[in-house]
Amino acid sequence: ILIWSGVLLSPDGNLHVVFCDVGQGDGFFILTPAGHKILIDGGPLPSRFLECVGKRLPFWDRTVDLIILTHPDTDHLTGLVPVVERYEVKAVLESGLEGDSEAWKRWEELLETRSIPRYEARRGTLIRFSDGVFIQIVHPENIASCPNDNACSVVARLVYGKASFLFTGDIDANVESELVREGVELSSAVLKVSHHGAGNATSQAFLEAVKPMVAVISVGKGNPFNHPAKAVLDRLKGVKVLRTDLCGTVEIVSDGQFIWVK
């Protein structure tokens with residue numbers, strides 16, 4: 001059983017992007033064709049993201065190559081804390097903003113005591129992996145003029161061959177307009193809809209620049225914010241929309257040419 005479990009969970013030569021059902025928050029697990037492991041955010045609960053990640057790794061594999069924390073809000077950060085407690089994390093990429101929650105204090109303590117390298121994500125940062133997968137950071141350019149944490153969310157574009165994924169954190173329409181106006185490369189087959197489908201994001205101009213075939217909304221059932229907004233769903237007409245509150249965890253697999261949705 002253990003041998004077959006290891007075989008089934010071993011890298012299969014494809015890119016796997018898992019949009020974990022973490023409730024009202026974001027938490028994503030990426031396994032590259034060669035087995036590099038990348039996490040983007042971790043959701044609002046300590047256990048749900050850890051369970052999602054654990055199901056997709058052999059029990060003996062306790063390493064994570066990179067964690068990207070888009071911003072320090074608890075609905076993106078809290079689930080990463082137990083990951084850092086249980087796994088050997090090789091590097092962390094952050095916006096550079098600081099939080100004030102208990103989860104943030106524990107995060108800071110863990111990164112310091114475990115001597116985990118920390119880097120600030122800035123537009124133009126390019127991270128290449130040995131199997132041809134790369135991540136482009138397209139936002140923020142700087143954080144000096146950020147009006148709030150959401151506006152300085154790390155926006156990352158994941159590319160493998162012809163397959164591309166855009167992770168937008170919680171940016172709003174103002175940031176989207178800035179990215180479009182400045183001609184930043186945004187086109188992506190899969191869009192992680194910003195801010196759980198909030199009405200002040202996912203503008204028409206932004207969608208026209210991204211040109212997604214699939215849009216994933218990471219959102220909790222019965223959330224008090226009425227996410228996703230009807231206006232956002234209306235703007236996404238013609239795009240395949242997948243919602244974690246309705247579909248549960250969503251996994252998208254690619255061989256660099258095609259994508260398959262689970």
Side-chain angles (χ1 to χ4, degrees), residues 1-22 26-43 47-70 76 79-94 110-111 114-119 121 125-137 154 156-167 188-190 192 214 216 218 242 244 248-262:
I1 291 173
L2 291 176
I3 291 171
W4 276 110
S5 296
V7 169
L8 293 172
L9 294 173
S10 296
D12 58 4
N14 292 322
L15 173 69
H16 294 254
V17 181
V18 181
F19 300 80
C20 297
D21 178 12
V22 293
D26 280 2
F28 315 116
F29 169 73
I30 299 162
L31 182 66
T32 76
H36 301 293
K37 289 145 290 187
I38 306 153
L39 309 182
I40 301 179
D41 292 340
S47 59
R48 286 179 71 165
F49 186 59
L50 188 66
E51 181 182 0
C52 181
V53 172
K55 284 180 177 178
R56 287 159 178 85
L57 291 176
F59 72 90
W60 63 81
D61 190 344
R62 312 300 292 178
T63 62
V64 171
D65 294 282
L66 176 67
I67 291 178
I68 299 175
L69 175 62
T70 61
H76 294 250
L80 288 174
V81 171
V83 172
V84 179
E85 289 174 338
R86 291 165 174 79
Y87 287 82
E88 178 189 345
V89 177
K90 296 181 181 178
V92 167
L93 191 65
E94 306 169 282
L110 286 167
L111 297 189
R114 296 178 182 237
S115 300
I116 298 173
R118 303 173 72 173
Y119 303 95
T125 301
L126 183 64
I127 306 159
R128 292 190 179 274
F129 297 89
S130 61
D131 44 22
V133 172
F134 63 90
I135 296 174
Q136 300 169 315
I137 302 301
V154 176
R157 186 169 178 263
L158 171 74
V159 180
Y160 177 50
K162 294 182 179 179
S164 48
F165 300 73
L166 189 65
F167 297 88
S188 301
V190 180
K192 196 291 295 186
V214 177
V216 183
S218 185
L242 302 166
T244 57
T249 292
V250 173
E251 181 173 357
I252 298 180
V253 183
S254 177
D255 62 357
Q257 297 289 326
F258 304 98
I259 61 173
W260 296 270
V261 177
K262 294 184 180 181

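Nearest approach of Tyr160 to Gly132, heavy atoms of both residues: CD1-C, 4.4 Å. Among all heavy-atom pairs drawn from Pro11 and Leu31, the shortest one is CA-CD2, 4.5 Å. Here the closest non-hydrogen pair linking Gly27 and Phe49 is C-CE1, 3.4 Å. Considering all non-hydrogen atoms of both residues, Glu251 and Val253 come closest at OE2-CG2, 3.9 Å. Of all the heavy atoms in Ile30 and Leu15, the pair that sits closest is CG2-CD1, 3.8 Å. Residues Gly35 and Lys37 come closest through the heavy atom pair O-CE, 3.3 Å.
Considering CZ of Arg118 and CG of Leu93, their distance stands at 11.0 Å, rounded to 0.5 Å. With values rounded to the nearest 0.5 angstrom, Ile68 atom CD1 is found 5.0 Å from Leu66 atom CG. The structure places CG of Leu39 at 8.5 Å from SG of Cys20, a figure rounded to the nearest 0.5 Å. Atoms NE2 and CD1, from His36 and Ile127 in turn, are 12.5 Å apart once rounded to the nearest 0.5 Å. The distance from atom CD1 of Ile259 to atom CZ of Phe165, rounded to the nearest 0.5 Å, is 6.0 Å. Atom NZ in Lys192 sits 7.0 Å away from atom OG1 in Thr70 (nearest 0.5 Å).
Under the 4.5 Å side-chain criterion, counting only non-hydrogen atoms from C-beta, Val154 is in contact with Ile137. Between Arg86 and Leu50 the shortest side-chain heavy-atom distance falls below 4.5 Å. Between Asp26 and Ile40 the shortest side-chain heavy-atom distance does not fall below 4.5 Å. In this structure, Val92 and Glu94 have side chains that are in contact, with non-hydrogen atoms separated by less than 4.5 Å. Within the 4.5 Å cutoff, no side-chain heavy atoms of Pro117 are placed close to those of Lys90. When side chains are defined from C-beta on, Phe29 does not count as touching Val83, because their heavy atoms never get closer than 4.5 Å. Between Arg62 and Glu88, every side-chain heavy-atom pair lies at or beyond the 4.5 Å cut-off. Using a 4.5 Å heavy-atom threshold, the side chains of Val18 and Cys52 count as touching.
In terms of modelled atom types and a separation under 3.5 Å, the side chain of Ser188 and the main chain of Val190 share no donor-acceptor contact. Under the 3.5 Å distance criterion, the side-chain polar atoms of Thr244 are left unmatched by any main-chain donor or acceptor of Gly248. At least one donor-acceptor pair under 3.5 Å links the side chain of Asp131 to the backbone N or O of Ala34. Formation of a donor-acceptor pair under 3.5 Å by the Asp41 side chain with backbone atoms of Gly43 is not found in this model. Within the 3.5 Å criterion, the main-chain N or O of Glu85 finds a donor-acceptor partner in the side chain of Arg114.
Looking at Thr249 and Asp21, their side chains never bring a donor and an acceptor atom within 3.5 Å of each other. Looking at Thr63 and Asp65, their side chains never bring a donor and an acceptor atom within 3.5 Å of each other.
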Next item on the list: Before giving the answer on side chain to side chain contact (heavy atoms under 4.5 Å, CB included), spell out for Val133 and Val159 the whole-Å C-alpha distance, their side-chain angles and the decisive distance to 0.1 Å.
Entry: CA-CA 6 Å; Val133 172; Val159 180; over 6 Å; no

Note to self: Using side chain to side chain contact (heavy atoms under 4.5 Å, CB included), reason through Leu158 and Phe134 one step at a time and then give a plain yes or no.
What the structure shows: CA-CA 6 Å; Leu158 171 74; Phe134 63 90; over 6 Å; no

Notebook entry, point to check: Step by step, would you call Ile38 with Ile135 a side chain to side chain contact (heavy atoms under 4.5 Å, CB included)?
Noted result: CA-CA 10 Å; Ile38 306 153; Ile135 296 174; 4.1 Å; yes

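The aromatic rings of Phe167 and Phe19 sit parallel to each other, their planes meeting at less than 30°, with 60° as the upper class boundary.
Counted within 6.0 Å of CZ on Phe258, heavy atoms from surrounding residues, nucleotides or ligands total 12 or fewer; the atom is thus considered open.
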